[in-house]
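Structure, as structure tokens:
Throughout, a chain's letter reflects where its sequence line sits, starting with A, and its residues are numbered from 1.
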Amino acid sequence: MLHRHSSAILDRLNPAQRRAVTTVDGPLLVLAGPGSGKTRVITHRIAYLLAESGGDPPGILAVTFTNKAAREMLERVRVLVPQGNGDLTIGTFHAVCARILRRDGSPIGIPPSFTIADEDDQLAMVRRVLRELNWDEKRFPPRAMLSCISAAKSLLIEPAEFAVRANSYVEERAAVVYPRYQELLVQHDLLDFDDLIMRTVALFREHPAVLDRYRERFRHVLVDEFQDTNVAQYTFARLLAAEHRNICVVGDEDQSIYSWRHADIGNILNFERDFPGTHVVVLEQNYRSTRTILQAARRLIAPNTMRKEKSLFTENDVGERIVVFEAYDENEEAGYVATQIERLLAAGVARPGEIAVMYRTNAQSRVLEKEFLRHRLPHRVVGMRFYERKEIRDLLAYLRLCRNPHDVASFERIINVPPRQIGAKTLADLRQWAREIGVTAPEALELLAEDDDRAAGCPIGARARSALVEFGRLLGILRRASAEMVVARLLERILELTGYRELLDDGTEEGESRLDNVRELITVAEEFSGYGPEGSLAAFLEDAALAADADEYDRASDAVTLITLHAAKGLEFDVVFIVGLEEGLCPHSRSIEDPRQLEEERRLLYVGVTRARRRLFLTYANRRSHFGEGSIREPSRFFRDLPPELVQGTARAVQRPGRSSGSVRQQSRAHSFTDTGSREPDGQQASAVIPLRPGDRVVHPTFGQGVVVSVVDRDGDQEVTVAFPNLPIKRLLASYARLRLVSS
DNA sequence: GTGCCAGGTTTTTTT
DNA sequence: AACCTGGCAC
């Protein structure tokens, strides 16, 4: 029997969705294809649990992948259940675990005031270990070391065990770094991202009473984007649910694109084995895309072996064909995208905010941005990571130092920012002296500034010393200020007293934009004012440490979105352009060797394709410059899985579809395919034979008819400038552009 | 200690 | 092409 709330909650759900919402007892695996109403299912399920519980509201834990997803989910639940009864926790794995550890971490030696190490901190620690070991950073790149250590932690492997299990040269080396790295973290009251999960699991395992309390509290556990969880995260969820078994995981292995961050696709493929008796619900109806787009997506993903078979379908219209465009180079590609967008806007097909351009690597956004500026198209680039900008990190370092005077990494980051006559030598001397008298560098500085007795023995020259004293006083002032004012005011005070504002305000455009960023940071900080001086500082830093740039994304401004394929997951747009679909870029050159990584590249493209509601454009270029050097490119092998009947356009990549790119045998034929496709035998290369002259009428496969404006000889080729009606003037290389002479 | 130049490296993806 | 590093002059 349903309570009165439930009808609204269950309304407008299809049968599969309804099953996913109402199957609340026992383990449940929801396989949610793209556009199948996944978020809807999750929020309605939570609402259902809350509304159905009557007088005994259950504790619910919902874990998401991003803070943004968590916020959205919370908002949508609130709309469904305005009375908000029950105990609901929604957050990312990291945020939830951080909270648990602050509250209950002391039994395993974690101080409640620990700091979350960012990547800078991590790298600083690894570098320090390398220095101690006398290892060359060139031969043992800190990032590679860190990645190995992170992989180990994702698998819940402690240092001692890792030393035994390492099974490659890099791993062996990382295994040497790991224990010392961990020691340094502990010494500095730091937990890295992986520690947040790993230590929580350790807490649960070593202190069953604590685990029991959380099991008692979270009677229902829900995991979103389950395909992206790593072993540690899954273990965390599994521990919580082991007793009541009320665990619901939602995901789609076809959209697993984070293995490089140690996500384990095995979690989703093995869930049923781990929880016998699991109900499985498959959401197969797509409400997002046209039939053409969905069909293309299905064909694209089909060759993957590590997946469960599904039969996605949609009742939507067939829609337009997919457009494939072959560009001469990345500039022409960007020009094409901009021009097409102008056309779509002019035709009223979509607003800028409903259009996205997606690419494999962030570097690709540059050309696009340049071209969009030229065309005066409103656009925004997602992924210029706010919290990774220098000015933001510097200011956060000041804040962290106010809160935790022993934060050595922050201390060293800003000791000479803005420049205040304290160079590497002075810093080294300070460190040395601090070690001698048995304090941390920031403490030693404090002794100097306060003219403590011990300062007398300080072997630092007068000039450097006075610079240090002044800096020490400054820090003292800021620290005292932090106890009296909320974090937003504190930031303003820092800008003033440190001279940071003048440092940024150098009259350049870049300086102006950096100042804007700082203002933005203060605006964000304002939101924490309610917590009072110290509370706002703590809460703000916690938030900043766990913030991801994808969280920044908001659709408020009506601008075209430029975004990486990874960051596009979870979003949708009327019109999607995916650019740079070339061998070496997508699939990326670093993934081409390994079949597993190749499958992930395919999933990545699948994610991009399935973001589109109505129109999809796929483009590639014949040459592209990379690290300042030009290179010839081949179309992506994935084009071979695109049925030609779904495609419009004359690009060679789809004119001669080879067989699927999925099997090894066919991969070896990649070259023969592109070779035969690269030159049509029907006279299209005539342009290389018949010299073009100004005034000639020509036809371009995509731009249509145009008139040659001028011709310049270039390296034995002709650079032809052509005017096409309604398009910007194009400069093309005759041998590549496949211009056909119509009349002279 | 700072600023400038040469030379080498880079970003694939980010909670 | 842009960025960081290391070496050098001031």
Side-chain angles (χ1 to χ4, degrees), chain A residues 63-70 91-98 116-119 122-123 127 137-138 141-143 146-147 150 153-154 192-197 224-225 228-230 232-233 256-263 330 358-367 370 382-388 390 415-429 461 463-464 467-468 510 543-553 563-570 580 584-592 594 597 600-601 603-605 607-608 624-630:
Chain A
V63 215
T64 61
F65 204 61
T66 65
N67 294 303
K68 177 175 160 262
T92 63
F93 278 103
H94 296 96
V96 170
C97 288
I116 298 168
D118 59 26
E119 207 185 347
Q122 294 182 284
L123 285 170
R127 292 213 165 93
E137 282 193 18
K138 295 263 156 56
R143 268 172 207 288
L146 214 44
S147 169
S150 168
K153 290 185 173 185
S154 304
D192 66 22
F193 280 114
D194 301 304
D195 284 335
L196 294 175
I197 318 293
D224 187 18
E225 305 283 17
D228 289 326
T229 54
N230 62 34
Q233 291 163 334
S256 164
I257 54 175
Y258 285 104
S259 74
W260 50 275
R261 228 173 48 194
H262 316 116
E330 72 267 31
M358 301 177 187
Y359 36 79
R360 180 65 229 273
T361 69
N362 272 313
Q364 291 171 257
S365 68
R366 241 200 193 91
V367 208
K370 216 173 65 190
V382 177
M384 306 255 291
R385 280 165 282 181
F386 185 70
Y387 285 101
E388 278 183 22
K390 183 182 179 307
I415 187 167
N416 202 29
V417 180
R420 46 175 77 92
Q421 318 290 110
I422 304 173
K425 177 71 166 58
T426 307
L427 177 58
D429 289 348
R463 200 163 126 179
L468 285 173
E510 196 191 336
D543 207 60
L546 295 173
D549 73 276
D551 300 343
E552 303 294 317
Y553 181 84
I563 193 169
T564 63
L565 287 164
H566 278 91
K569 196 178 70 165
L585 210 45
C586 187
H588 195 273
S589 50
R590 300 205 182 184
S591 303
I592 276 177
D594 177 357
Q597 288 190 52
E600 182 145 318
E601 296 289 315
R603 292 195 289 269
L604 195 50
L605 182 54
V607 165
R624 179 178 300 273
S625 49
H626 193 46
F627 297 148
E629 230 165 324

Which nucleotide in the set B:dT2, B:dT12, B:dT15 lies at the smallest distance from any side-chain heavy atom of A:Thr66? B:dT15
Assess the residue pair A:Leu196 and A:Leu546 against the criterion (side-chain contact (heavy atoms from CB on, under 4.5 Å)); give the C-alpha distance rounded to whole Å, side-chain angles, the decisive distance to 0.1 Å, and a yes or no. CA-CA 11 Å; A:Leu196 294 175; A:Leu546 295 173; 4.1 Å; yes
Spacing between A:Gln122 atom CD and B:dT15 atom C1', to the nearest angstrom: 12 Å
What nucleotide, of B:dT12, B:dT13, B:dT2, holds the atom closest to the side chain of A:Asn416? B:dT2
With distance as the sole criterion, do the side chain of A:Arg360 and the base of B:dT13 form a donor-acceptor contact below 3.5 Å? yes
Per-pair stack call A:Tyr258 and B:dT13, 5.5 Å, 30°: no
How many Å lie between CD1 on A:Ile197 and C1' on B:dT15, as a whole number? 9 Å
Taking only the side-chain heavy atoms of A:Trp260 (C-beta and beyond), determine which of B:dT14, B:dT15, B:dT12 contains the nearest atom. B:dT14
Nearest-angstrom distance, P atom, C:dC4 to B:dT13: 16 Å
Side chain of A:Asn362: nearest nucleotide among B:dT11, B:dG1, B:dT13? B:dT13
When we call it a touch if two heavy atoms are under 4.0 Å apart, what does A:Thr426 touch: a base, just sugar-phosphate, or nothing? sugar-phosphate
Which whole-number value in Å describes the distance from A:His588 NE2 to B:dT13 C1'? 9 Å
Could you tell me if the side chain of A:Asp192 sits less than 4.5 Å from the side chain of A:Lys153, heavy atoms only? yes
Anything under 30° is parallel, anything over 60° is perpendicular, the rest tilted; go ahead and classify A:Tyr258 against A:Phe65. tilted
Exam field: side chain A:Asp194 to backbone A:Ser154, donor-acceptor pair closer than 3.5 Å: no
Does A:Asp228 reach a base, just sugar-phosphate, or nothing at all? Heavy atoms under 4.0 Å. nothing
